[in-house]
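Just the heavy atoms: all of them, side chains too, but no hydrogens, waters or symmetry mates, feed the values below.
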Amino acid sequence: MKPYSPINGQGPIQGLFSDKNVARVALGSLLLAGSLSSCSPLRLLKPGQRLLSRVKVEGTKKADAERLQALVQQKPNSTFPLPKVAIYQLGRSFYNPERLQRKLDEERTEFDQLIKTAGTDSAEVGKLLSKRERHVQRHQLALDKGNAIMRLGEPPVIYDSSLTATSVEQLGTFLKSKGFFRSTVSATDTVPTRQFAPFRIFTLRSPFHADSQRVTVVYRIHEGPAFHYSQLDYDIADTAISRRVLASQPQSLLRVGSQYDEEQIGAERNRIEDLLKNQGYFDFRQQYITLEADTSFAPTSVRLRTIISKPTRGEQHRLYTVRRVSFITDAGLVRFGQQRDTIIRDSVYYLAYKHKFSTRTLDRKLAVRPGSAYSVTNTQLTQRQLSNLDMFRFNTVTYRRVRGAEAPADSTRGLLDATVNASPAKKFQETSEFGGTYVAQQVGPFGNVRLKIRNVFGGAELLEFGVRAGFEGQYSVVGNVGDVTRRSELTTQLGANMNLILPQFLLPWRSGRFLSQYNPRTRFNATYTYVQRPDYTRTNVEGTLDYIWQRSAFHQYVLTPFDVSVIRTAKIDPDFAGYLQQLLIRQGSPLYRSFDNLFVPSFNATSLYNSNDFNETRDARYLRLFAEVGGLTRRFYQPNTLENDPENLRNNKLKIYDFAKLTADYRRYHKLGPETYFVYRLAGGVAAALTSTRIQNEVTKQIDKSYLIPYDKYLFAGGSSSVRAWKPRRLGVGSFTQYKLNPDDPSQELLDENDKKIRDYDLEQPGELLLEGNLEFRFPVYSFLKGAVFTDFGNVWIIRNQPIDPNQTQTQRDQQQQRQRESTFRFNNFYRKFAIGSGIGFRFDFTFLILRLDVATKIYDPTAPDSKWVIRKFSLAEDQTAFNLGIGYPF
């Protein structure tokens, strides 16, 4: 559970948009606009040069306009999201190439003298040479591409008419490759160019002007009719190959009536090559395939003939069969004078100086089998399955043709000997992490140590241990408000976990070789967590059994038939328990239930599809579906009404709640350029109790009938991967406003010096229904620095109201009814309760590691007691703007 911030009784920080600052902001904006209007990239042009201002491609109807635009050789300078020419011009004002050249010559002379002085000291000479190279490269980069500010921007694009002619040629070639054989492309460059510059108003000039140094290039395309396939013929001299290709016609990428497309023709050649390579034709190459198009048969029609020629030697293409498979499990290891031992299993030869891996396990991963036809798919599947074991540093599958007397006399048949070379990875792998924090005037160290043991039982099993320990300063949640020396102590967080991964399904029956192609794994997991804070001590023990398999390289399933956790509160401060109870009574917060002693049995399933890579550089999709059901059997061992002692939670018996939970997360990555992306994410979920729970309060003897679920199963919004303008798990619920309670008297709200209630931004907001989304535009800034602008929206609601306690006062009942109205999901107004936040982000992409900083501010806050458009009171205070640090992209 995340700790809460102390209750300090301070109001929000005054916003930047106060009356005092309005005049300053307006004056600064006016001066900035005037300075921008006086900065023009035309100042960088030499005599006779013209600036490329705009490029347009007109006339496209059926052709891909985006692809055509990408073929244009020259594009104007980009202005969004940064005015890169202005940045370049700013850097140029500090640029002095003559001084850089002098500095470069001086350093070369200096280093040459030092190297000469070093004489025969090879170590010193090597250091000086390396240092000289670094200095020379840095200065040469500045000479070639400008200083750092210039490289952050971009130089003005000087119009080149020869590149326009090249673009016309490439556009015409592309159109003809797409079946527009009668298309024409022309280009015109217009000078002067009419421009709209709104900042000219501040210099008392018209915003419209014509500039003779700017060029607008317009490419005009006349597509003409598109040609379509009227007939698809085949000319295949080899009868065996002909049978296979003709039998695969239903999978062909070419269809009669489809538009002529050379990209599709190339893909069809690849398909035929893969088809034959997967059916034993080891020597077959794409060069044997030729496709001829004839457009003279009928108007706007194409007769396409697929020709597969014979090999240069022999009359027929040779079909190869795997004769023998050898598996070397310790490739790269050499022991002179000693031969590898051989074990034969299922006609496969396993060779090693010392057999450490179970041949039964390895045999399940081999898709290349003796007696089978050569197949490139089986070869790749074998390599992928061995790599997924995480037992080998690398593995390869090589083939050798059988020649000489061992080769068959039939020239159309061939034999291959396959050899699998696998180099084992280290048996033990340890990683450690140590650091410290400074929170609540306390220095807290932390450490995390993980140990991975490979092939622990000899069957390619993977055993992982993890131990973590940390101390972090925390203020007590309850205490005297006026006490400036609020109690601060180091909290203790200890944890341990163990994972055992088996390279197959653990089933009471034999699964056979069929499941091996799905990379099946069985995972046992056990986790222990211990948290000691000034207010409570809590432990959590969890164990799971998971079955994991891959449907494809992008799609993974996880089935967890057993997921059991036990949560116990060993100690709780009485004042803190009273505070939690008041949160439950006055604000309906289920946080009180999280300190129950709970037994949570469940089973769940996950489907994860992700076609992106680690650095998110593809045009891809992501979909995660999760379903969980828990506590179905509680009536067998918990038939009676539960008892709850608010005075001593430690003595409460283990409680079991039945529940169901469904979540979905969809992401779409649109690649707009080499490093430019538009990404959106939509996520939602629901968590609800299946039946009601009867709990008896030992003090009042009152029986409460409520629909309860374990606290950790609730849904939350806010945080670095959600709606980033809100703290993690702090957004919501609905439009209900949370106020801080007085620690001295939790039955009352905390008031500031103006007797106004203080909003509580630190209390977690659990909900039963989640809807949220994100829009993000990602772009390069400079080298490894990437930028982003984003907008997030979302909220959580409750879907089932808890019964109102008749023993409450009328005021308390009215407050509970109001809370239910504001926090309950309703179809007729839920869209009005979406919270909205926007901001900017910076990503430091080091390829192997991505560090992220997102700065987000609240735009629309449905829980605000006054105006919901809180952007009008913009400030950098923590109740308005959030700074998120993280590793990796948010989604």
Atom [atom1] in [X], atom [atom2] in [Y]: separation rounded to 0.5 Å?
X: L129; Y: E124; atom1: CG; atom2: CD; answer: 10.0 Å
X: N96; Y: Q101; atom1: CG; atom2: CD; answer: 11.5 Å
X: D546; Y: I548; atom1: CG; atom2: CD1; answer: 5.5 Å
X: L463; Y: I453; atom1: CG; atom2: CD1; answer: 5.0 Å
X: S387; Y: N395; atom1: OG; atom2: CG; answer: 6.5 Å
X: D160; Y: L52; atom1: CG; atom2: CG; answer: 10.0 Å

When you measure from the side chain of [X] to the backbone N and O of [Y], does any donor-acceptor pair fall under 3.5 Å?
X: Y95; Y: L143; answer: yes
X: R730; Y: P728; answer: yes
X: S167; Y: L163; answer: yes
X: D665; Y: A683; answer: no
X: K858; Y: D879; answer: yes
X: T881; Y: S875; answer: yes
X: T491; Y: E472; answer: yes
X: E675; Y: G673; answer: no
X: R454; Y: D390; answer: yes
X: D792; Y: R724; answer: yes

State plainly whether the residues D861 and K833 are in salt-bridge range, i.e. N to O under 4.0 Å.
-> no
State, with a plain yes or no, whether a side-chain heavy atom of [X] is found less than 4.5 Å away from one of [Y].
X: Y557; Y: L608; result: no
X: V679; Y: R778; result: yes
X: T606; Y: L625; result: no
X: K661; Y: L715; result: yes
X: N497; Y: R450; result: yes
X: E430; Y: F428; result: no
X: Y88; Y: P156; result: yes
X: R521; Y: I501; result: yes

Name the orientation class of the two ring planes belonging to [X] and [Y] (parallel below 30°, tilted from 30 to 60°, perpendicular beyond 60°).
X: H555; Y: Y609; result: perpendicular
X: F846; Y: F844; result: parallel
X: Y860; Y: W869; result: perpendicular

Assert yes or no for the condition that the ring centre distance of F777 to F779 is strictly below 6.0 Å.
-> yes
Compute whether any side-chain donor of one residue and acceptor of the other, for [X] and [Y], lie under 3.5 angstrom apart.
X: S611; Y: R621; value: no
X: N519; Y: Q385; value: no
X: S722; Y: E772; value: yes
X: Y528; Y: E542; value: no
X: Q880; Y: T857; value: yes
X: N525; Y: T527; value: yes
X: N774; Y: R681; value: yes

Does [X], at its [atom1] atom, have more than 12 non-hydrogen atoms belonging to other residues, nucleotides or ligands within less than 6.0 Å?
X: K671; atom1: NZ; result: yes
X: R551; atom1: CZ; result: no
X: K145; atom1: NZ; result: no

Of K426, Q429, K427, which is the lone residue that meets side-chain contact (heavy atoms from CB on, under 4.5 Å) with K452?
-> Q429
Quick check: closest heavy atoms across [X] and [Y], and the distance to 0.1 Å?
X: G153; Y: I87; value: N-CG2, 3.8 Å
X: P766; Y: Y711; value: CG-CE1, 3.8 Å
X: N612; Y: R618; value: OD1-N, 3.3 Å
X: G787; Y: V781; value: N-CG2, 3.5 Å
X: A142; Y: L100; value: CB-CD1, 3.8 Å
X: Y669; Y: F891; value: OH-C, 3.2 Å

Test side-chain hydrogen bond (donor to acceptor under 3.5 Å, both in side chains), reference S130, set E133, R134, K127, output is R134
Among H135, R132, R102, which one satisfies side-chain hydrogen bond (donor to acceptor under 3.5 Å, both in side chains) with E107?
-> H135
Quick one: do H670 and Y677 satisfy ring pair (Phe, Tyr, Trp, His ring centres under 6.0 Å)? Show the steps, please.
-> CA-CA 6 Å; H670 288 280; Y677 302 85; over 10 Å; no
Can you give the donor-acceptor pairs under 3.5 Å from side chains of residues 834-843 to other protein atoms, not counting sequence neighbours?
residue	atom	partner	partner atom	Å
S838	OG	T791	OG1	3.0
R843	NH1	D854	OD1	2.4
R843	NH2	E776	OE1	3.3
R843	NH2	E776	OE2	2.9

Give the C-alpha distance, both sets of side-chain angles, the deciding distance and a yes or no for side chain to side chain contact (heavy atoms under 4.5 Å, CB included) between Q765 and Y714.
-> CA-CA 9 Å; Q765 305 297 331; Y714 280 100; over 6 Å; no
Which is it for L51 and N77 under the side chain to side chain contact (heavy atoms under 4.5 Å, CB included) test, yes or no, and what are the steps along the way?
-> CA-CA 9 Å; L51 181 71; N77 294 107; 4.1 Å; yes
Determine, stepwise, if the pair Y761 / W726 fulfils side chain to side chain contact (heavy atoms under 4.5 Å, CB included).
-> CA-CA 9 Å; Y761 295 98; W726 275 258; over 6 Å; no
Stepwise side chain to side chain contact (heavy atoms under 4.5 Å, CB included) test for S423 and F392 | CA-CA 5 Å; S423 176; F392 304 102; 5.8 Å; no
Just do the salt bridge (charged side-chain N to carboxylate O under 4.0 Å, His left out) check on D845 and R852 with the steps written out, would you?
-> CA-CA 9 Å; D845 189 347; R852 168 170 51 93; over 6 Å; no
